[in-house]
Amino acid sequence: MKYKVNFYINEEPIELYVDSNRTMLNVLRDDLCLTGTKEGCGAGECGACTIIADGKPLNACLVLAPELDGMHITTIEGLAKDGELTELQKQFIKHSALQCGFCTPGFLMSGTALLQENPNPTRDEIKTAIVGNLCRCTGYVRIIEAIEETAEVLRGGGQ
Amino acid sequence: MREFEYLRPETVEEAIALRLKHEGCSVLLNGGTDIIIQLREHLITPEYVIDIKRIPGLKKLTFSKEEGLFIGACVTMNELGDSEAVQANYPFLAEAAYSVGSKQVRNRATIVGNIVNASPLCDTGTPFYVCEAVMCIASRDGEREVPIEEFITFVRKTSLRSDEIVVGIRVPYTEGARGIFTKISRRKEVDLSTICSTVLRIKDSYRLAFGAVAPTPIRLPKTEALLHTKTLTPELIEEAAKLARTEVSPISDIRASKEYRLDVVEVAVRRSLERFMQGGAA
Ligand code: FES
Ligand code: FES
C-alpha cells in the first residue's frame, strides 16, 4: 500500500506516494536522487544519514517514509545557495576537516543544526552535537575546529 | 522490512480502538528508534504499525510542586532534558535523558518509549524508580495508574495489556530531595549502560535503584534500610557498598562480566554516597 505524503525538501514542497516499509533515507536517496545523505549503519549509530527536520538533526534511517508527511527537511543539497557554499562548508575545506568524505554530509548537518540553535557553542557543546556522527578518517579535531571557526566568523569575529 | 499497514490515529480513543481491532498483530510507533530497527531486522513483523506521535496532548510536559512532573507519552529525551522545570527539580533525570544515544536519537526517542521497552538497562529507568513514578495508562474503560515497579515485570515485559496505551508518567515531587545519576558504559557517548544507577536522598533517608543488574531495574531495600536515618561516615558507606553488592544479580554479556558488574555496583554506591557526604549533589 502507498501512502500520500506532503512535505518540504530544501524549501520545495513535494507530494509523493511512499511505501510504509521504507525509511526517509530510502526516499531521499532512491526516489528523490538526493544521494548526498549517506547510509552507514542504517541503525542510528553512525550519523552519516543526518538531516535537519523541523530545525532538529535526525537520523533519516530511523524515520519511516509515511512519517515524512508535514515535515520540513533540509539535506546536504540544501545548504549551498546558488553555488555559494555555506560558511561551515568553507571552513571544512579550510581546516581539511574531511578525508574520504563519507561522513561529511552528516557532520555538516549536525554542525549546521547546532549553529542555528546556538551561535556561540562551547567546545563541549560542539562535541555533544557531533557524538552521533562517526568519522573513520579525520580524528575529529579538525571537524571541531571548523565548527568553532564558523561560529566565530558568523558572529563577526573571524580573521 | 516486511510490509505493514501504517496507521496514524488522531486521538487516544482512536488509538485504543485500533489496538483492539488489530490485537496481537500491531505495534505502537512512538519515537521509533527501537521499533524501526526491530522492523528492519525482522525481530518483529507486525501487520499494523500505529503511529501515536501526532495525537495532540501526548506532548504534554508540566510541573508543579503539588502535582509533580507529568511527562506525556510523546515527550522526547531532549525535550525532557532541555526543560527548565526538570533541570531545576529533577536534574538527575535530565542527566539520565541526555545520556541516551546521540543528539539525533534524543530528538526522536521518547521517555515513555524507553520505559515501555522495559530493557533492564534503560537509562531513564532508575530515576523513575527512586522517585516512585507512576505510569498513566488509558484503555476503553478509562485510566489507571500503575507504579513503575509493578509496570516493568521482566526483561522486555510490562503489565500493559494489549488494549491499553501509556499516556504519560507522573513523577511525584519531594521537597529537598537530591539525586545522583551514574552511568557506566564502554564508551562515553552513544552506548548502552553497562550499569546505571540513581541514588536519591530525602532528608536522612536514601533510595537506591540500579539498572542492568537484574531482569528489571531494581531498588535495593536492604541497603536503603541500613542507611535510613543514619549520618554518613566512611565506614557506613563501605558497609552500604558491600551490602548493595549482595542485593543485585547481574549476568555476564557482551558489555561486561558478572564480576565486573558486581564491583561496579559497589563503586557506584560508594561514589554516590561520598558525594552526598561531601554535600556535592545537585
Ligand atoms: S545510517 Fe543512519 S545513523 Fe548510520
Ligand atoms: S572523512 Fe572518512 S569517515 Fe570521515
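All of these numbers come straight from a predicted model, not from anything done at the bench. All chains are named by letter (A, B, ...) in the order of the sequence lines, taking the proteins before the strands, and each is independently numbered beginning at 1.
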With a 3.5 Å distance limit and no angle check, can you tell me whether [X] reaches the backbone of [Y] through a side-chain donor-acceptor pair?
X	Y	value
A/Asn59	B/Gln104	no
B/Asn107	A/Lys56	no
B/Arg40	A/Ala43	no
B/Tyr6	A/Tyr3	no

Mind checking the [atom1]-[atom2] spacing from [X] to [Y]? Nearest 0.5 Å is all I need.
X	Y	atom1	atom2	result
B/Lys103	A/Leu58	NZ	CG	12.0 Å
B/Ile35	A/Leu62	CD1	CG	12.0 Å
B/Ile37	A/Cys61	CD1	SG	7.0 Å
B/Met1	A/Arg22	CE	CZ	9.5 Å
A/Asn21	B/Arg2	CG	CZ	10.5 Å

**Prompt:** Taking every heavy-atom pair that is under 4.5 Å apart, which of A/Val63, A/Thr23, A/Thr128 has the most such pairs with chain B?
**Reply:**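 With the most close heavy-atom pairs to chain B, the winner is A/Val63.
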Quick check: are there more than 12 heavy atoms from other residues, nucleotides or ligands sitting under 6.0 Å from [atom1] of [X]?
X	atom1	result
A/Arg123	CZ	yes
A/Tyr140	OH	yes
A/Glu11	CD	no
B/Phe63	CZ	yes
B/Glu3	CD	no
B/Glu10	CD	no

Ignoring hydrogens, what is the shortest heavy-atom contact between [X] and [Y]? Give both atom names and the distance.
X	Y	answer
A/Asp69	B/Arg8	OD2-NH2, 2.8 Å
B/Ser102	A/Gly132	CB-CA, 3.2 Å
B/Leu29	A/Leu64	CD2-CD1, 3.8 Å

**Asked** With the threshold set at 4.0 Å, does a side-chain nitrogen-carboxylate oxygen contact exist between A/Glu67 and B/Arg108?
**Response**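 Judged by the 4.0 Å cut-off on N to carboxylate O distance, A/Glu67 and B/Arg108 do form a salt bridge.
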Which bit of [X] comes within less than 4.5 Å of chain B, counting heavy atoms only: side chain, backbone, both or neither?
X	answer
A/Leu114	side chain
A/Cys41	backbone
A/Leu134	side chain

**Prompt:** If you tally heavy-atom pairs under 4.5 Å against chain A, which of B/Glu41, B/Arg106, B/Glu5 wins?
**Reply:**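 Most heavy-atom pairs within the cutoff with chain A belong to B/Glu5.
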